[in-house]
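Working notes for the structure below.
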Amino acid sequence: GENNKMMYYVSTGNGCCLTIAEDEDAAYDKILRKVGTNVGVDEVREATEKDIALVRGMGGYVPKER
């Protein structure tokens, strides 16, 4: 359902980002569509507090949960 979305940390050939998705596969597909296959997605995992703090510290976009 709508409320089961998690925040994922995704690293791509173009750097890292955070995204909200149902599961790792959905997060992968979503970011791959955004960056394209030339850039590619290297890793997808559940975002930790540390990941979120790191992205926020670098001035990156942190999606709001729900």
Side-chain angles (χ1 to χ4, degrees):
E2 266 309 292
N3 295 341
N4 299 344
K5 294 195 172 187
M6 306 273 313
M7 190 165 330
Y8 291 95
Y9 175 88
V10 184
S11 83
T12 75
N14 228 359
C16 305
C17 64
L18 297 170
T19 191
I20 304 272
E22 302 265 309
D23 56 34
E24 285 185 11
D25 290 340
Y28 181 95
D29 293 343
K30 184 173 167 183
I31 300 302
L32 189 61
R33 274 199 304 277
K34 231 177 236 185
V35 300
T37 51
N38 285 349
V39 172
V41 171
D42 300 324
E43 182 194 12
V44 179
R45 58 180 166 74
E46 216 176 285
T48 64
E49 290 300 319
K50 202 184 238 175
D51 295 329
I52 296 166
L54 184 72
V55 170
R56 186 173 280 134
M58 292 186 312
Y61 172 68
V62 177
K64 297 274 174 282
E65 297 202 60
R66 304 198 225 308

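Below, all heavy atoms of this structure are taken into account, side chains as well, without hydrogens, waters or symmetry copies.
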Check your understanding: When rounded to the nearest 0.5 angstrom, what is the spacing between NZ in Lys5 and CD1 in Ile20?
Key -> 8.5 Å
Practice item. Give a yes or no on whether Met7 and Leu54 share a hydrophobic cluster (residues Ile, Leu, Val, Met, Phe, Trp, Tyr; joining criterion: side-chain heavy atoms under 4.5 Å apart). Key: no
Check your understanding: Which residue pairs satisfy the side chain to side chain donor-acceptor pair (under 3.5 Å) criterion with at least one member in residues 6-18, sequence neighbours excluded?
Key -> none
Practice item. Can you tell me which residue pairs pass the salt bridge (Lys or Arg N to Asp or Glu O under 4.0 Å) test with a partner in residues 24-43, sequence neighbours excluded? Key: Glu43-Arg45
Check your understanding: Closest approach of Ala47 and Ile52, non-hydrogen atoms and distance?
Key -> CB-CG1, 4.2 Å
Review point. Looking only at heavy atoms, what is the nearest atom pair of Glu46 and Asp51, with distance?
Key: O-OD2, 3.9 Å
**Study point:** Tyr28 side, atom OH; Thr19 side, atom OG1 - distance, nearest 0.5 Å
**Key:** 14.0 Å
Exercise for review: Would you name the heavy atoms of Leu32 and Gly40 that are closest together and state the gap between them?
Suggested key: CD1-CA, 4.1 Å
